[in-house]
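Here is the structure we will look at, set down as structure tokens.
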Amino acid sequence: MSVQAPIVTVDGPSGSGKGTICKLLAQRFGWHLLDSGALYRVLGLAAEHHGVDLADEDALEVLAAHLDVQFKSSAESEGVQVVLEGEEVTAAIRTETCSQAASVVAAIGKVRAALLERQRAFAEEPGLVADGRDMGTVVFPQADVKIFLTASAEERANRRYKQLMHKDTGASLQQVLDDIKARDDRDMNRAVAPLKPAKDALVLDSTVLTIDEVLERVVQEVNSKTSS
Ligand code: DC
């Protein structure tokens, strides 16, 4: 039996509902939450602030190793506040430019290696919910519960399109779908830590499931694997 804090990993493509499920899971169990995508996004933003070229892998590795980032959870604000070098960047890391930069830096092996221990340090009592692409395969291969949450590209595009409509970006549903497919292709076919289910992951397809249904299925899995 493991004497360490229990770990639940949730991997999957963007738009699968991972972020929402992880937040709810962490709240339900009172566990820590690691949003590993935010770490790659912060690195993309730090590169922009420091004028580091996204093609300069050595400089990005150094930046990753010294990244001054804090994730603060507070009772008043929903979720986690992200602070880079003392500046609040919670909203700034969600822009399209930052998504693109994150996806470029995340494809670099030495950048991923430089961020590995920082991610593992989140595994503390009473437990951890880790959200990402390689949580169950690379970062926490020993996790007690591994979930791979997916949904059809069309359904994910629909969800994203509805979110974007409030922001008046002018993007068409077809453009959103094309972007999602391009990002899936990059995440699944990159040489390092490609997006794929761990061999021992429970694969859930949220195309036809509500958030509550996914959450209940995951909670069942966590209870059955972590209660001893
Ligand atoms: O989940 P997200 O959209 O915030 O992730 C931002 C980018 O980082 C996305 O291109 C996928 C990448 N990523 C990754 O390669 N590995 C992770 N564990 C998390 C995110």
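Order of appearance sets the numbers: ligands from 1, and atoms from 1 within every ligand.
- Here the protein heavy atom with the shortest distance to atom 5 (O) of ligand 1 is Gly37 CA, 3.6 Å.
- Interface of Ala106 with ligand 1, defined as ligand atoms under 4.0 Å from a residue heavy atom, comprises 12 (C), 15 (O).
- Taking both residues in full, the closest heavy atoms of Cys22 and Asp131 are given as SG-CB, 3.5 Å, listed atom of the first, atom of the second, then distance.
- Of the residues Lys72, Gln81, Gln70, the one that meets the side chain to side chain donor-acceptor pair (under 3.5 Å) test with Glu88 is Gln81.
- Only the side chain of Asp187 comes within contact range of ligand 1, with a heavy atom under 4.0 Å; no backbone atom does.
- Between Arg190 and ligand 1, at least one N/O pair is under 3.5 Å apart.
- Set against the non-hydrogen atoms of Met135, the atoms of ligand 1 under 4.0 Å away are 18 (N).
- Closest heavy-atom contact between Leu60 and Ile108: CD1-CD1, 3.6 Å.
- Where the criterion is an N or O separation shorter than 3.5 Å, residue side chain and backbone included, Arg133 meets it with respect to ligand 1.
- Nearest heavy-atom pair, His32 versus Phe122, reported as atom, atom and distance to 0.1 Å: CB-O, 4.2 Å.
- Checking Arg190, Lys196, Arg156 one by one against Asp184, the salt bridge (Lys or Arg N to Asp or Glu O under 4.0 Å) holds for a single residue, Arg156.
- Salt-bridge formation is not detected for the pair Asp179/Arg160: no Lys NZ or Arg NE/NH1/NH2 atom is positioned less than 4.0 Å from an Asp or Glu carboxylate oxygen.
- Using a 4.0 Å heavy-atom cutoff, Arg183 is listed among the residues neighbouring ligand 1.
- Near Arg41, meaning under 4.0 Å from any of its heavy atoms, are these atoms of ligand 1: 2 (P), 3 (O), 4 (O), 6 (C).
- Nearest protein heavy-atom contact of atom 7 (C) of ligand 1 is Ala102 CB, 3.8 Å.
- Taking a cutoff of 4.0 Å between a charged side-chain nitrogen and a carboxylate oxygen, Lys110 and Asp58 qualify as a salt bridge.
- Looking at atom 8 (O) of ligand 1, its nearest protein heavy atom turns out to be Tyr40 CB, 3.7 Å.
- The nearest pair of heavy atoms linking Arg159 to Gly17 is NH1-N, 4.2 Å.
- Atoms of ligand 1 found under 4.0 Å from any heavy atom of Arg112, numbered from 1 in the order shown, are 14 (C), 15 (O), 16 (N), 17 (C), 18 (N).
- Checking only distances, Asp134 does come within under 3.5 Å of ligand 1, N or O to N or O.
- Looking at ligand 1, you won't find any N or O of Ser99 less than 3.5 Å from one of its N or O atoms.
- Looking only at protein heavy atoms, the nearest one to atom 19 (C) of ligand 1 is Ser36 OG, 3.4 Å.
- With respect to Lys225 and Asp144, no salt bridge is recorded, no charged nitrogen being found less than 4.0 Å from a carboxylate O.
- One finds no salt bridge joining Arg217 and Glu213 here, because no Lys/Arg side-chain nitrogen approaches an Asp/Glu carboxylate oxygen to under 4.0 Å.
- The ligand atoms of ligand 1 that sit less than 4.0 angstrom from a heavy atom of Ser103 are 10 (O).
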